[in-house]
Amino acid sequence: MNLAPRVDTAELSDADLDLVSGGQAGGGAGPDLGVHAEAGALGVHVEAGNIGLTAGVGVSLSPQGVAVDAHLHATLY
């Protein structure tokens, strides 16, 4: 007599697995938008489905001149 508990298993399609891989459960639920702003800096982050885009720009002034920094980063989850 086998007293071990029975565990039911199920097959996952590749599309279902892509939605949960990397901890992105519910990844096509809808777009998300985040904005960060402070003196001399502005950043935006947008996610839709399994793609994330982050962009930012910063400006600083000093006696030596003006420094400008910008970036764009894309992520595929």
Side-chain angles (χ1 to χ4, degrees):
M1 183 161 142
N2 185 358
L3 299 177
R6 182 171 179 226
V7 177
D8 291 328
T9 60
E11 294 279 331
L12 285 177
S13 70
D14 286 341
D16 290 336
L17 189 57
D18 286 342
L19 289 176
V20 296
S21 64
Q24 296 297 316
D32 292 319
L33 173 66
V35 177
H36 172 82
E38 63 181 58
L42 176 64
V44 177
H45 181 78
V46 178
E47 288 187 11
N50 62 347
I51 297 174
L53 295 174
T54 303
V57 64
V59 178
S60 62
L61 300 173
S62 71
Q64 290 79 24
V66 177
V68 178
D69 173 49
H71 71 272
L72 175 64
H73 181 79
T75 304
L76 180 61
Y77 297 111

Legend entry - side chain to side chain donor-acceptor pair (under 3.5 Å) involving Thr54 - partner list, sequence neighbours excluded: His45
Side chains of residues 33-43: which donor-acceptor partners sit under 3.5 Å, not counting sequence neighbours?
from, atom 1, to, atom 2, distance (Å)
His36, NE2, Glu38, OE1, 3.0

Legend entry - By side chain to side chain donor-acceptor pair (under 3.5 Å) - contacts of His73 (at least two apart): Thr75
Legend entry - Hydrophobic cluster identity match, Val68 and Leu61, side-chain contacts under 4.5 Å: yes
